[in-house]
Amino acid sequence: MKKTSKLLGAIGLSAALAIGTAVPAFAATTQWTDAGNNDETKALGSLVEDGTKGEIADGSNSSTKVHIGTNISQLSVQVPIKLYLATESAGGALIAPSAGTYTIKNYTTTANIFVTKVQCDYSTGNEAGKDWLLVEDGALVGAGVAAADATHANLKVDMAAKQPYNASGDKLASSSALGNWTLSADTTDNKNVKDLSAGNGWVIYKAKDASTPCDIEIDFSGQSSVVKAPEGFNSTAGADGNNAFNLTYTISASNA
């Protein structure tokens with residue numbers, strides 16, 4: 001029997017804080033904020049701390065302690081806005097971009113940046129995974145495996161982040177592993193969030209110059225169950241496929 005592949009479609013991707021088709025500018029979170037308010041205009045008001053009013057003798061000295069912090073005004077980052085995966089109608093391995101194709105680039109020449117969080121959410125039209133259901137159990141996907149609930153198929157999608165550069169911005173002979181995650185859009189107990197804070201961020205080293213960025217590679221792989229009614233979804237979705245879910249990356253200058 002002839003095998004046919006069906007386009008799963010664009011897995012929407014966005015960068016937290018901003019998104020663009022080329023190189024969006026990301027405003028770095030200043031260390032000086034009011035109750036977590038990241039509005040730098042308002043935060044400037046907290047840069048001066050007044051002392052207690054009091055009387056001093058004529059000719060006495062009074063001093064101001066000057067504290068120095070570092071703020072990076074702009075991070076220049078490039079994040080892909082679409083990723084295409086394809087399923088086999090009979091189920092089995094997903095067809096994904098070649099290794100090293102999907103990257104997040106750092107064009108900032110003054111600082112390393114970090115991916116501190118990845119969040120996965122179902123797209124509009126695929127609420128609660130009604131059409132394409134993300135699963136973590138490998139027994140729910142594979143060639144010949146039927147999906148009980150999803151209109152089209154169960155999906156098990158794995159992402160693997162890799163570091164292709166050293167701290168000097170030189171290409172490594174082979175990329176080293178940064179971390180893995182089986183995607184989940186289940187919001188129960190924040191299962192849909194890959195928390196990389198507290199020093200666990202995926203570092204993207206600073207660019208050597210404005211036209212020579214460093215990046216990290218994120219490879220995708222996985223399996224689907226048998227695709228139900230593939231002709232129906234393929235004809236209605238068109239060549240662009242179905243937008244199944246979105247990935248949102250939080251980018252920061254700090255790995256704290």
Side-chain angles (χ1 to χ4, degrees), residues 1-14 79-104 115 117-162 175 177-194 216-249:
M1 183 177 72
K2 183 180 178 181
K3 292 171 64 178
T4 58
S5 298
K6 298 299 176 182
L7 185 66
L8 169 60
I11 294 178
L13 295 121
S14 62
V79 179
I81 58 171
K82 284 187 178 181
L83 169 67
Y84 292 90
L85 302 176
T87 62
E88 295 285 359
S89 296
L94 295 175
I95 301 170
S98 302
T101 302
Y102 180 94
T103 62
I104 300 178
V115 177
K117 185 174 75 171
V118 185
Q119 182 168 325
C120 181
D121 297 288
Y122 287 120
S123 301
T124 301
N126 188 39
E127 291 83 358
K130 65 182 183 63
D131 291 334
W132 301 99
L133 181 66
L134 285 170
V135 299
E136 298 175 78
D137 185 352
L140 299 177
V141 294
V145 176
D149 299 318
T151 300
H152 299 316
N154 295 334
L155 302 171
K156 182 176 182 291
V157 181
D158 300 302
M159 67 186 301
K162 299 177 181 178
S175 300
L178 286 172
N180 302 285
W181 186 34
T182 297
L183 300 186
S184 172
D186 182 357
T187 57
T188 305
D189 298 325
N190 289 326
K191 291 179 181 178
N192 66 321
V193 174
K194 177 74 171 178
I216 58 171
E217 303 165 347
I218 301 180
D219 297 337
F220 292 86
S221 61
Q223 299 261 329
S224 79
S225 62
V226 173
V227 181
K228 296 183 287 186
E231 291 77 13
F233 86 78
N234 207 41
S235 61
T236 56
D240 208 33
N242 292 145
N243 183 195
F245 51 91
N246 300 319
L247 295 176
T248 303
Y249 299 94

Side chains of F220 and T101, heavy atoms from C-beta outward: is any pair under 4.5 Å?
no
Any chance you could measure N246, atom CG, to S123, atom OG, to the nearest 0.5 Å?
3.5 Å
Inter-residue atom distance T103.OG1 - I216.CD1, 0.5 Å rounding
9.0 Å
K117 side, atom NZ; N190 side, atom CG - distance, nearest 0.5 Å:
8.0 Å
Does D131 reach the main-chain N or O of N126 with its side chain, forming a donor-acceptor pair under 3.5 Å?
no
Can a donor-acceptor pair be found, under 3.5 Å and without considering hydrogens, that links the side chain of K194 to the backbone of N180?
yes
With a 3.5 Å distance limit and no angle check, can you tell me whether T151 reaches the backbone of K130 through a side-chain donor-acceptor pair?
yes
Which value, rounded to the nearest 0.5 Å, describes the distance between L183 atom CG and N192 atom CG?
10.5 Å
L155 vs T87, side chain to side chain contact (heavy atoms under 4.5 Å, CB included): CA-CA, chis, key distance, verdict:
CA-CA 9 Å; L155 302 171; T87 62; 4.0 Å; yes
Mark yes or no for whether D219, through its side chain, and G100, through its backbone, hold a donor-acceptor pair below 3.5 Å.
yes
Backbone of D186 reached by a side-chain donor or acceptor of S184 within 3.5 Å:
yes
Checking the side chain of N154 only, and the main-chain atoms of A147 only, is there a donor and an acceptor separated by less than 3.5 Å?
no
Residue pair K156 / E136: nearest heavy atoms and the distance that separates them:
CE-O, 3.3 Å
Do the side-chain N and O atoms of E217 and S175 include a donor-acceptor pair separated by under 3.5 angstrom?
yes
Taking C-beta and beyond as the side chain, do S89 and V226 meet within less than 4.5 Å on heavy atoms?
no
With under 30° as parallel and over 60° as perpendicular, where do the rings of Y249 and Y102 fit, or are they tilted in between?
tilted
So T248 and V118, do their side chains get closer than 4.5 Å, heavy atoms only?
no
Side chains of V157 and L134, heavy atoms from C-beta outward: is any pair under 4.5 Å?
yes
dist L85:CG -> S221:OG (nearest 0.5 Å) comes out at 9.5 Å
Separation between CG (L133) and OG (S225), nearest 0.5 Å, reads 9.0 Å
Heavy-atom closest contact (V135 atom, V141 atom, distance)
CG2-CG1, 3.8 Å
Can you find a heavy atom in the side chain of Q119 that is under 4.5 Å from one in the side chain of V193?
yes
CG (D137) with more than 12 external heavy atoms under 6.0 Å
yes
For a 4.5 angstrom cut-off between non-hydrogen side-chain atoms, does C120 reach W181?
yes
